[in-house]
There are 2 protein chains.
Amino acid sequence: MPRPDRPTSPASTSDGAADRPPAGDEGAVTARPRAGLLQIGQVAERTGLSLRTIRFYEENGLVVPTARSEGGYRLYSDADVARLEVIKRMKPLGFSLEEMRQLLTLLADLTVAGAHHREALTDRLRMFHEAATARVGALREQLAVAEGFAATLADRLDRAR
Amino acid sequence: MPRPDRPTSPASTSDGAADRPPAGDEGAVTARPRAGLLQIGQVAERTGLSLRTIRFYEENGLVVPTARSEGGYRLYSDADVARLEVIKRMKPLGFSLEEMRQLLTLLADLTVAGAHHREALTDRLRMFHEAATARVGALREQLAVAEGFAATLADRLDRAR
DNA sequence: ACACAACCTAACCCTCACGTCAGGGAAAGG
DNA sequence: CCTTTCCCTGACGTGAGGGTTAGGTTGTGT
């Protein structure tokens, strides 16, 4: 079973991320190895996160790959990737990894419908929402300051032209 | 020459920042020691920066206090404070300390009117302005993502209420 | 003159979210 | 066999500060 991809591209910058998702039959739609699992490089490509970052998130319990290959390669499911994408969306809110971990768990717990603690969960969710709202406000202010400073620079530019 | 402030407040939380700006005559407007110079605590209060941060900026050559007291206290002029405030405005743009240092110098150089390198200076200024504009764009996007996520949270909140 | 409270100093280590090597193993093909 | 390309772990580095410690300075009240 040979491999279709990489038709002789000898030079590369090094550890990049692209390629070799073993055995997708010729003309397959999207690279997909045996069990619908992606390896880290492909995940990085899809999410725009660095390999280091993805590993780091695992180290901190944020997204642990569903499986490992015999040789120890991390193998990510679509759900894993989705989790990573949620994290990406949270990032601008400036939550810490720990907070993100908690929020992820919380959201998962809430999705399990059968939660008896529903009340407590929504309470915690409300707190996260408040924190998020606060951060959004802070961000807005930062943006305003940034715009202001950029304007100042523009000013000095054509004042000194 | 006695001091007006602190009319016997024995308990305090500790290192705060307020107080003893020596000898402002009774009923003075704003605390002012001898030569219109402020000590670090007062600067912190005015700028909203932490003592640590202000010292850190000095360590990195961003704002070196105009003077020191006999005993080694940092003494800041109004110009120093102004510099700190400029830094505060730059911060949301995500420049590194080094970049901010350069930009501060650049702006100062430009103000010295008599610059022969005016051209080169404005060129550098233009580059900073471009960087700033780029960052503003990035910030806007971050804000959008943040708002989006906050909305998602709000959604889950009343979907699960 | 002395004690004192409030302020300051330098010097240290700690945190967070990664980046950056270094050295070695795995997957696939020639 | 060898080569590529990808992946692994482990360890150290970085940026922008935070916190703590042990001690010096300043102005004041008595």
Side-chain angles (χ1 to χ4, degrees), chain A residues 1-24 31 33-34 38-45 49-60 62 65 68-76 87-88 90-91 94-101, chain B residues 1-24 31 33-34 38-45 49-60 62 65 68-76 87-88 90-91 94-101:
Chain A
M1 231 197 204
R3 279 180 52 221
D5 28 341
R6 172 148 308 102
T8 37
S9 59
S12 159
T13 40
S14 86
D15 197 45
D19 245 65
R20 222 216 37 238
R34 15 194 152 294
L38 304 168
Q39 44 183 82
I40 199 170
Q42 306 173 286
V43 174
E45 210 177 355
L49 297 169
S50 76
L51 303 190
R52 178 63 175 96
T53 298
I54 297 175
R55 294 196 192 108
F56 182 70
Y57 286 168
E58 176 185 358
E59 228 174 302
N60 287 271
L62 282 173
R68 289 272 190 154
S69 80
E70 287 241 341
Y73 284 24
R74 290 171 178 79
L75 297 175
Y76 295 87
I87 294 175
K88 251 195 113 182
M90 294 186 191
K91 284 224 57 204
F95 288 148
S96 73
L97 292 197
E98 174 58 16
E99 287 168 325
M100 290 199 271
R101 207 183 49 66
Chain B
M1 237 195 201
R3 277 180 54 222
D5 28 344
R6 176 147 306 102
T8 36
S9 58
S12 159
T13 39
S14 85
D15 196 47
D19 242 67
R20 223 218 36 240
R34 18 191 150 295
L38 304 169
Q39 46 184 83
I40 199 170
Q42 306 173 288
V43 173
E45 211 177 356
L49 298 169
S50 76
L51 305 190
R52 181 65 176 84
T53 298
I54 298 176
R55 294 195 191 107
F56 184 70
Y57 286 167
E58 176 185 357
E59 228 173 304
N60 287 272
L62 282 173
R68 289 270 191 155
S69 79
E70 286 242 342
Y73 284 24
R74 291 171 177 80
L75 298 174
Y76 295 87
I87 294 175
K88 254 195 108 182
M90 293 185 193
K91 284 225 55 204
F95 288 148
S96 72
L97 292 197
E98 174 58 16
E99 287 168 325
M100 290 199 269
R101 207 182 51 66

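Labels below follow one simple rule: chain letters A, B, ... track the order of the sequence lines, proteins then strands, and each chain is numbered from 1.
When every heavy atom of B/Leu75 is checked against every heavy atom of B/Pro65, the shortest pair comes out as O-CB, 3.5 Å.
Taking atom CD1 of residue B/Ile54 and atom C1' of nucleotide C/dA10, one finds them 17 Å apart after rounding to whole Å. One interatomic measurement links the two molecules: NZ of B/Lys88 to P of D/dG17, which rounds to 12 Å at whole-angstrom precision. Between the CD atom of A/Glu45 and the P atom of D/dC7 there is a distance of 10 Å, rounded to whole Å. In this structure, CZ of B/Arg101 is placed 12 Å from P of D/dA16, rounded to the nearest angstrom. For A/Glu58 and D/dG10, the CD to C1' distance is 14 Å, given to the nearest whole Å. With rounding to whole Å, B/Gln42 atom CD is found 16 Å from C/dA6 atom P. The distance from atom CG of A/Leu38 to atom P of D/dC7 is 11 Å, rounded to the nearest whole Å.
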Sort me out a list of protein N/O and nucleotides 14-17 of chain C N/O pairs below 3.5 Å, or just none if empty.
| from | atom 1 | to | atom 2 | distance (Å) |
| --- | --- | --- | --- | --- |
| C/dA17 | OP1 | A/Leu97 | N | 3.1 |

Short N/O separations, protein against nucleotides 18-22 of chain D, under 3.5 angstrom:
| from | atom 1 | to | atom 2 | distance (Å) |
| --- | --- | --- | --- | --- |
| D/dG18 | OP2 | B/Ser50 | OG | 2.6 |
| D/dG18 | OP2 | B/Thr53 | OG1 | 3.0 |
| D/dG18 | N7 | B/Arg52 | NE | 3.1 |
| D/dG18 | O6 | B/Arg52 | NH2 | 3.0 |
| D/dG19 | O6 | B/Arg52 | NE | 3.3 |

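Two residues, B/Gly71 and A/Arg74, neighbour DNA chain D, and the one matched to the more 5' nucleotide by heavy-atom proximity is A/Arg74.
Judged by distance alone with a 3.5 Å cut-off, no donor-acceptor contact links the side chain of A/Tyr73 to the base of D/dC8.
Side-chain contact between B/Arg74 and B/Gln39 is absent, with no heavy-atom pair separated by less than 4.5 Å.
A search for side chain to side chain donor-acceptor pair (under 3.5 Å) contacts involving A/Ser69 returns nothing, not counting sequence neighbours.
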